[in-house]
Structures are given as C-alpha cells and as structure tokens.
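Written below as structure tokens is the structure these notes are about.
Computed from heavy atoms alone, side chains included, the values below leave out hydrogens, waters and symmetry copies. Position 1 is the first residue of the sequence; numbering continues from there. Both counts, for ligands and for their atoms, begin at 1 and track the order of listing.
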Amino acid sequence: MGTALIYDEEMTNYKLLWVDPACKIEVPERLTVSYEALVKSGLADRCVSLPVREATDADILLVHSEEYLEAVKKTPYMTLEDLMDFCSQYGDVYFHPNIYHCAKLAAGSALQLVDSVMMGKVRNGMALVRPPGHHSMRNAASGFCVFNNVAIAAQYAKQKYAVERILIVDWDIHHGQGVQDCFEDDPRVLYFSWHRYEHQKFWPNLRDSDFDRVGNEKGAGFNVNVPWNKVGMKNSDYLSVFCHLFLPVAYEFCPDLVLVCAGFDSAIGDPEGEMCATPDIFAHLTHLLMNLAGGKLCAVLEGGYNLTSLPQSVCQTVQTLLGDPAPRPANLDGPCLSALESLHCVRSAHKKYWSCLKHAADLPTCEVSTKRNKVGEEEINEEQSKQEPVWRECPKTLPPDISAAALLPDDGICPERCYSLKSSEDLDPSIVNKLKEHILKDTEDCETLSTLSRLTVLIDKMEKNEIGSGLALVKDISKAVICVVQHAAAAPMNRVLVVYVGDGVVPFHTNEDGKTLVVQFTTQKSEEIQSKYLIPVCLQKDYSDIPGFIQATLSLLLPLGYEYDPSLVVVVQTSGCGLSHNVWQQLIGLLRGLAQGHTLVLMQEDQNAYVGPTASSLLGDPAPPLGPLEAPLPENVESTEKLRLRLKADWNFLLTTGNVK
Ligand SMILES: NCCCNCCCCCS
Ligand SMILES: [Zn+2]
C-alpha cells in the first residue's frame, strides 16, 4: 500500500494584503517550496496523488459553531477595511477574499487523507495545506488558522468510521490550543503537544498550555502538554520526549488512527521556534509513530516559516512515510536540563493516568513550571541567538535496491519481496580462511562454513547499502553471532548494537572499546552490571508480560540505541523465547529506525515461523497493533527502573528528570 500526497496550488492563492508584523511570515511560498522540493527529490512521483476537496458545512460544523462559519462565509465579499476590521477581533491571523475557499480546501484535504487511509486505499499520507488549523477555536480564528483541519479530521473519523481511539501528535512548535479545547474532555482522542512556552512568555501565552493541563473529567490524562521553557531544543530533546513519554503512553493507548499536526516551525532556522532540531529528526519522529495503528497515519501541515528547513523537513517526513529507512541521527548528546525538567513535570502530572508512568518520580514540589529555571543555568546569550543558524542538509541516500535479503537453509522458502542469498559454491577463499582460523578451528562442516561466509557477504553488502537488511536461519547461532559481530565490528568506524532476545550466555565478551553494545532481554536474574556495554534487561517468567517488554523496549532499549547510534543492529532470537509475532514485529520495526535501517536478524533454524513476520518488518511493513496495554508486571517495572537508574550515569538518554546526580 502506498503513501498519499495531497496538494493543490489553489491553496497558495491568498496572502497578507496589509502590514502586520505578526502575520507576515505566513506566505504562499511555504507551500510552493515544499511541493517543489518533493517533486525535485522524486518523492512526489512515488506518492499516490489524491485530489483536494472542499470541506462541507457539515464537516466544518463538527468543530466550529454556526455563527463562526456564517461570519467566515461573509469574508469573500468584504472590502479591505472590512477584512482588517474582521481580523481585529482575533489574534495573529489575517483574512483575504480567497482564504475561506482555501480553508475549506485545507480541511477537505485532511478529510481526503482520512478517507483514503481508513478505506485502505493507501497506508498513510501527507497533506500540504494552508491555512493551518491547530490554533483555530470553535468560535474564533487564531494564529493564521481559520478551520481546525486536524480536529475536524478526528471528529470526522469518529463519526464516519466509528474509530474508537485517535492519537493526535502535534510536533509544531506552538501549542495547538484549538485542538486541546476541542478534545479536552474526550477520552477517545489523545492529544500530544510540545510547544515553546518560556513560562507563559511565548505566544499564545496561555496558562492552559502548561504540563498540568491534563484534560478534564472523562478526558483526564488524554491531554499531554510538554512546555519548552527555553529555546535551542535539539534532536536529543525531541527523541527523549518520544522515548520516555509519547511512545509509552501511545502504546498503552493503542490508537486505531494517528493524526499528525505536522508543523515544522520546530525545526532549526525557524523564526518562531528558534529551536535547533535538524530536519532529519522528522524522519525519526515519523518512523517512531508508524508502528502504531497498523501504520494508519495522516500528517497534515501546520506551521513552518523557514523556507529552507521547511521543505527539507517535509521531504524527510514523506520519504519515511514511503518506507525509506531514516538517516542515522547526527551527534545526539542527550537531553538538556530544561527539557528534563519539563519531561519530569509532565510524567509526574500524568503518572496517575498511565500505568507506564506509574513509577515516574514525583515533583519535589508540585508547583507549576512557572518557577524560574535553576540559577546559573547557561542562558543562550543574545548575540549568539541572533546569528543566522546554519545546518548541514541531510545527505540524500537512495533506499537500497534490495530492501531485505534472506539467508535460509537450502530447503527454506524465501519470503516474497525478499532476496534469497543462495549458498554460493564459489566461496571467497580469503573469507573461508579467515573463518577457519578464527571461528571454525575444529569443525570442517561445510554447511556452517557456507552460512558464515554468506553472512559476511551480507554484512559487506549492507555496509555498502546494496542491501538494506537481512534475516538468517542458522544451525549454530553462537557461531553466527560471533562471526557477524567480529566481521561487522572490524571496520574502524563501525559500531554494532546486538539485541539478544532469550536466555543463554552471550557468546562473546564486550570490551570497553565501545565497538559493540549488547542489550539482552533475559528471564534470568542478573547480578551486578559487568560493563556499560553489556546490559541485561531482566524480565520475569517467559516474556509473557507484553507491556513490560514493550515499555523496556521504548524507554530503555530505544534511548540506548539512539545514544549509541550503531552502524549495524543485530537482533538475535535464541529459540524458545516465546515472544509473540506481533511483539517481535514491533521490536524489529522500532529498531529499524537505527543504523539507517541496517538490521540483521539471526534466528535458530527451528524458528522458521518467524521468517514471514520478520521479513515483513524488515521491509518496512507496519507491525500489527498490540491492543491497549495493561499494566506491566510490577517486578518487571522494578527491575527495568532499577537498571535505568543504575545506567543513567553512563547514558544520558536514560535520564527522565533534572536531578542528574
Ligand atoms: N512573531 C510573530 C507572532 C506570530 N504568532 C502566531 C504564530 C502562529 C503559528 C501557527 S503554526
Ligand atoms: Zn506553529
């Protein structure tokens, strides 16, 4: 199934007709540069182009009042003075004779996306629209927004498709107060938003944007606000919020549909956000949401006012929706203190609503975040923040010709869409000799020899990005792991993350050079941590605690993986670990965001039931939803939390509060 792209140049046919400093950044070029970048990069051609449509009155009245709609309907016939007068009743928004038409197209585009995703015509999609929507209220325009495109789309999905649970992720740098207002008491719509706040000093300057606004009555817990109280937030800050808050809660909620208020004013260079996150981060944010709701994701453009970082961010988002692996994240150095304080506040405000947050630390004093930041915290000095930020555009990497290769016993059935690495007679003698002297000292059995040499070929092809990922069924999994790790770690710049699922001794020791990081899910009690590069995640019983496994994956394995930033991810499943296919696919799907998708899955020969599901995840198919998650087993929460507290001294990404001692 494909990715929809909705765009119509009619939505560029309105602009600011008078002088208004607050509104001058919302220009038609925002749309044209974004669409042109998609065309130029070849991404537009890979999408399913869907036509726009006008939202009907009934659609608009799902969110807005009759009187507001009637008032907006009059604007096409207004004189310039009347338009200016009409705007003066609202904040930071302008009208134009053609904006009502465009606002109907913008909302209608979001509905077209919902229809095509919910009817299974496409898997996911993006709508490039203006005017944006997330600030507009039931009775008012606000912040360049006329109709609340995403809120209308959510109400539409509930009404037309009886969708039970909808997640709205608002990564725009402004708080979508219009969305929050619409769903504040609705437990069927979970709203995530981060936004520049600066202790209420930043627009729209609302007390209701703070972290303690968790939703009302039945909607308590379903409104999650992450206030950024400083500018300059980076990729690490965004990823930390995803790993330690947004994803754990999203997986517990288990939405049937994901809507994204895709604003890119949270990217570097934007005059509004003044943040430092680079465009490639949106590939990761998109990727991390794509295994929810069976991949049903509708992204609708909101803000984004830097005409360089906006198109780059749009391309990163669309190429990920198309299934291309995310680029390796550049220099992640962990969340800053201010981000950790915000994260701490939000997690503690929501701990009573979400079992995945039950163990979150309380606030020392549950005061709201209007408190000043710690004295002496480095302030970005004036002239520095006035410099024009410069960033490296993410290098264009084409997806590999072969997305996934399978190395199976000769009688094995190669999954469709997979390339089969046959046992080639002419083994490369140099490889054979190396293997013999290092690994196969004793046995001469040629089958193992053939398997191991093919594995090294596979790794070399992944390194050259000729092959994206691979899976192998092997007889002797220990020898295979040793061979793979030795071969992969040999190259100087390489780092290998080994995710070991299943008991058994890891067949090699990780030395302190950091070339390999092993995270082992095991049911055996672990004694003290030997090294920061060998991390035993101890889960009770036989991995039957799916919530415990998923939470450990999201807030331990993923943060470690992002901080370690491997060039290859090796996932090893020793037999009898008994993980369900769906959980296994979630694990593979999430890990695919690392190492530019270079994932190698090694399984015992008797695991061929996992071949199909593994191949599907390696090919970028979304993992099936797990259903709403119950509470994790308390002892698993304890052991994972204890492990995290022990490791956070070595790994910044494991921090979730400001007390870093
Ligand atoms: N410095 C200009 C103030 C603009 N304030 C309104 C911003 C609306 C963003 C919509 S994403
Ligand atoms: Zn914005």
Side-chain angles (χ1 to χ4, degrees), residues 11 14-16 18-31 33-34 87-96 99 102-103 106-107 109-110 126-137 140-151 168-182 191-198 200-206 208-209 225-228 231 233 238 259-277 279 281-282 285 299-307 309-311 313-314 317 385-386:
M11 286 182 276
Y14 78 91
K15 62 183 181 180
L16 183 57
W18 52 80
V19 175
D20 177 354
C23 294
K24 70 176 189 305
I25 52 174
E26 207 295 304
V27 295
E29 290 71 21
R30 296 179 53 236
L31 236 39
V33 299
S34 300
C87 298
S88 60
Q89 65 187 306
Y90 304 124
D92 286 18
V93 60
Y94 66 87
F95 276 77
H96 175 281
I99 198 170
C102 296
S109 300
M126 171 138 214
L128 289 179
V129 303
R130 68 187 276 272
H134 68 151
H135 296 303
S136 60
M137 320 288 279
S142 167
F144 314 149
C145 304
V146 175
F147 298 138
N148 202 314
N149 307 319
V150 169
I168 300 177
V169 180
D170 188 336
W171 68 45
D172 184 287
I173 206 58
H174 297 91
H175 181 221
Q177 87 281 19
V179 182
Q180 171 170 295
D181 272 26
C182 186
Y191 179 55
F192 289 158
S193 173
W194 60 41
H195 33 270
R196 183 176 172 181
Y197 188 60
E198 290 175 301
Q200 208 174 330
K201 284 200 340 278
F202 189 71
W203 191 92
N205 313 89
L206 299 173
D208 285 342
S209 303
N225 284 335
V226 179
W228 298 125
V231 292
M233 293 300 165
Y238 291 4
L259 305 179
V260 180
C261 287
F264 298 105
D265 40 19
S266 40
I268 190 167
D270 192 279
E272 280 295 298
E274 294 189 73
M275 298 298 170
C276 295
I281 197 59
F282 295 103
L285 304 186
V300 181
L301 181 66
E302 295 280 0
Y305 306 99
N306 177 300
L307 301 184
S309 60
L310 168 62
S313 305
V314 166
T317 303
S385 67
K386 284 294 158 277

| request: For Phe202 and Trp228, run side-chain contact (heavy atoms from CB on, under 4.5 Å): C-alpha distance rounded to whole Å, both residues' side-chain angles, the deciding distance at 0.1 Å, then the answer. | output: CA-CA 10 Å; Phe202 189 71; Trp228 298 125; over 6 Å; no
| What residues come within 4.0 Å of ligand 1, counting heavy atoms only? | Ala22, Asp92, His134, His135, Gly143, Phe144, Asp172, His174, Trp203, Asp265, Glu272, Gly303, Tyr305
| query | In a check of side chain to side chain contact (heavy atoms under 4.5 Å, CB included) between Trp171 and each of Tyr238, Phe192, Phe264, which one passes? | reply | Phe264
| Would Glu302 and Val150 satisfy side-chain contact (heavy atoms from CB on, under 4.5 Å), going step by step from the backbone distance to the final call? | CA-CA 9 Å; Glu302 295 280 0; Val150 169; 3.7 Å; yes
| Trace of the side-chain contact (heavy atoms from CB on, under 4.5 Å) decision for Gln177 with Ser142 | CA-CA 10 Å; Gln177 87 281 19; Ser142 167; 3.3 Å; yes
| said: Is the ring pair His135/His174 parallel, tilted or perpendicular, if the boundaries are 30 and 60 degrees? | reply: perpendicular
| field | Heteroatoms of the protein, restricted to N/O/S, which lie under 2.8 Å from the Zn ion (ligand 2) | value | Asp172 OD1, Asp172 OD2, His174 ND1, Asp265 OD2
| Which atom names give the shortest non-hydrogen contact between Val179 and Ile168, and what distance separates them? | CG1-CD1, 3.9 Å
| task | Indicate the atoms forming the closest heavy-atom contact of Tyr94 with Arg130, along with that distance. | result | OH-NH2, 3.2 Å
| Going by the angle between their ring planes, with limits at 30° and 60°, are Tyr90 and Phe95 parallel, tilted or perpendicular? | tilted
| message | Which residue is it: His195, Gln180, Arg196? I am looking for the one with a side-chain hydrogen bond (donor to acceptor under 3.5 Å, both in side chains) to His175. | response | Gln180
